[in-house]
There are 2 protein chains.
Amino acid sequence: MTAPAEPRICSIARTLEVVGEKWALLAVREVFLGNRRFDEMVRRTGAPRDTLTARLRTLVDAGILQRQRYSDRPQRFEYHLTAAGRDLYPVILTLLRWGDEHLAGPEGPPLVLEHACGHRLLAEVTCQACGEVVDPAETTRRSPTSS
Amino acid sequence: MTAPAEPRICSIARTLEVVGEKWALLAVREVFLGNRRFDEMVRRTGAPRDTLTARLRTLVDAGILQRQRYSDRPQRFEYHLTAAGRDLYPVILTLLRWGDEHLAGPEGPPLVLEHACGHRLLAEVTCQACGEVVDPAETTRRSPTSS
DNA sequence: TACCGTGCGTCCAGAATCCGAACTCACCCC
DNA sequence: GGGGTGAGTTCGGATTCTGGACGCACGGTA
């Protein structure tokens with residue numbers, strides 16, 4: 001008999017369900033960069049208009065973006081980040097950082113972020129409790145209160 | 001005349017090209033959790049065997065995983081993280097954290113990580129230069145040395 | 001009034017992917 | 001020989017993605 005499938009119940013999986021479709025995070029990136037209108041997003045992400053329409057809908061439904069009317073006639077909408085959407089910033093940042101480190105061409109990373117401190121933004125994940133940089137080797141998992 | 005498409009050259013986009021396909025990050029998650037064999041991954045991710053085969057190949061080609069033989073006859077392989085793969089830990093962590101915060105049911109987050117410091121791991125992105133927690137409102141972008 | 005441009009989509013048909021179930025192949029153990 | 005396991009491959013059908021063309025409501029301008 002073959003072992004039964006036991007897909008993990010997992011926040012990573014759940015998050016990817018919402019945000020893991022192609023173009024979804026690029027749409028969010030554009031909003032972070034201040035491009036809130038449909039055509040601009042199409043232009044700067046390269047996504048097919050159709051697909052972007054679908055993605056934006058998913059993101060709005062998931063409570064990551066908010067559709068705001070900025071013109072009545074004709075009806076025109078902008079996409080704004082909700083609080084949940086803003087919380088995706090660390091995800092975007094860590095993706096950016098990984099790409100900068102592992103996929104940058106010889107001309108260096110294409111999009112450079114500056115932190116308010118004046119330096120180039122170098123993002124790292126730290127443990128909120130002790131403040132130390134997180135090393136996978138130093139984490140263990142615990143079963144949740146298995147109710 | 002319609003404005004020309006100008007997809008951003010962007011590390012986020014590049015990273016997603018490699019790691020943004022469905023199941024890719026879940027496969028990486030499994031390796032982080034210590035499940036290095038094909039059948040285990042199929043079981044715990046829920047991905048179709050077919051798709052997982054393709055994903056693993058992509059990840060190996062991208063230098064994120066490494067295929068190591070652990071038995072000669074029959075030939076059997078395990079997937080291990082490379083240095084680049086280990087660098088994906090922050091991405092996984094921030095996804096996990098977002099899901100914990102925004103998609104957890106009433107029974108709390110399903111998979112709890114503990115940091116070596118003894119506390120529940122609470123990952124946050126900080127600026128490496130000044131040590132402060134990164135707030136999107138406090139970052140600006142600079143064009144790279146436009147060579 | 002007629003025409004042009006723009007913003008924001010929708011429609012369509014074909015291509016690419018994904019899916020689950022069944023199959024293969026090479027072993028090992030009894 | 002019979003059963004079990006690990007690691008895929010094969011298959012046809014279901015979804016999803018894609019790009020290009022089209023629709024519609026305007027606003028400007030002539």
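So that the names make sense, note that chain A is the first sequence line, chain B the second, and so on, each numbered from 1.
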Protein-nucleotide distance ([X], atom [atom1]; [N], atom [atom2]), rounded to Å:
{"X": "B/Leu52", "N": "C/dA21", "atom1": "CG", "atom2": "P", "value": "16 Å"}
{"X": "B/Lys22", "N": "D/dA14", "atom1": "NZ", "atom2": "C1'", "value": "12 Å"}
{"X": "B/Arg69", "N": "D/dG6", "atom1": "CZ", "atom2": "C1'", "value": "15 Å"}
{"X": "B/Phe77", "N": "C/dC27", "atom1": "CZ", "atom2": "P", "value": "13 Å"}
{"X": "B/Arg67", "N": "D/dG6", "atom1": "CZ", "atom2": "P", "value": "16 Å"}
{"X": "B/Glu17", "N": "C/dA16", "atom1": "CD", "atom2": "P", "value": "16 Å"}
{"X": "A/Trp23", "N": "D/dT18", "atom1": "CH2", "atom2": "C1'", "value": "10 Å"}
{"X": "B/Arg37", "N": "D/dT5", "atom1": "CZ", "atom2": "P", "value": "14 Å"}

Closer than 4.0 Å, any side-chain N/O of [X] to the OP1 or OP2 of [N]?
{"X": "A/Arg57", "N": "C/dC8", "answer": "no"}
{"X": "B/Thr51", "N": "C/dC19", "answer": "yes"}
{"X": "B/Arg55", "N": "C/dC18", "answer": "yes"}
{"X": "B/Tyr79", "N": "D/dG8", "answer": "yes"}
{"X": "A/Arg43", "N": "C/dG7", "answer": "no"}
{"X": "B/Arg76", "N": "C/dC25", "answer": "no"}

The side chain of [X] lies closest to which of these nucleotides: [options]?
{"X": "A/Pro48", "options": "C/dG20, D/dG19, D/dT9", "answer": "D/dG19"}
{"X": "A/Asp50", "options": "D/dG8, C/dC12, D/dT9", "answer": "C/dC12"}
{"X": "B/Arg49", "options": "C/dC27, C/dC8, D/dG8", "answer": "D/dG8"}

Does atom NE2 of A/His80 have more than 12 heavy-atom neighbours, drawn from other residues, nucleotides or ligands, at distances under 6.0 Å? yes
Just checking, A/Arg37 and A/Tyr70: is the charged tip under 6.0 Å from the six-membered ring centre and within 45° of the axis? yes
Pick from B/Leu96, B/Asp100, B/Thr94: which one makes a side-chain contact (heavy atoms from CB on, under 4.5 Å) with A/Ile12? B/Leu96
How long is the span from the CG atom in B/Leu25 to the OG1 atom in B/Thr45, to the nearest 0.5 Å?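 Interatomic distance, B/Leu25 CG to B/Thr45 OG1, rounded to 0.5 Å: 12.0 Å.
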Closest to the 5' end of DNA chain D, once A/Ala47 and A/Gln75 are matched to their nearest nucleotides, is A/Ala47
For the residue pair B/Gly63 and B/Thr82, what are the closest heavy atoms and their distance? O-OG1, 2.6 Å
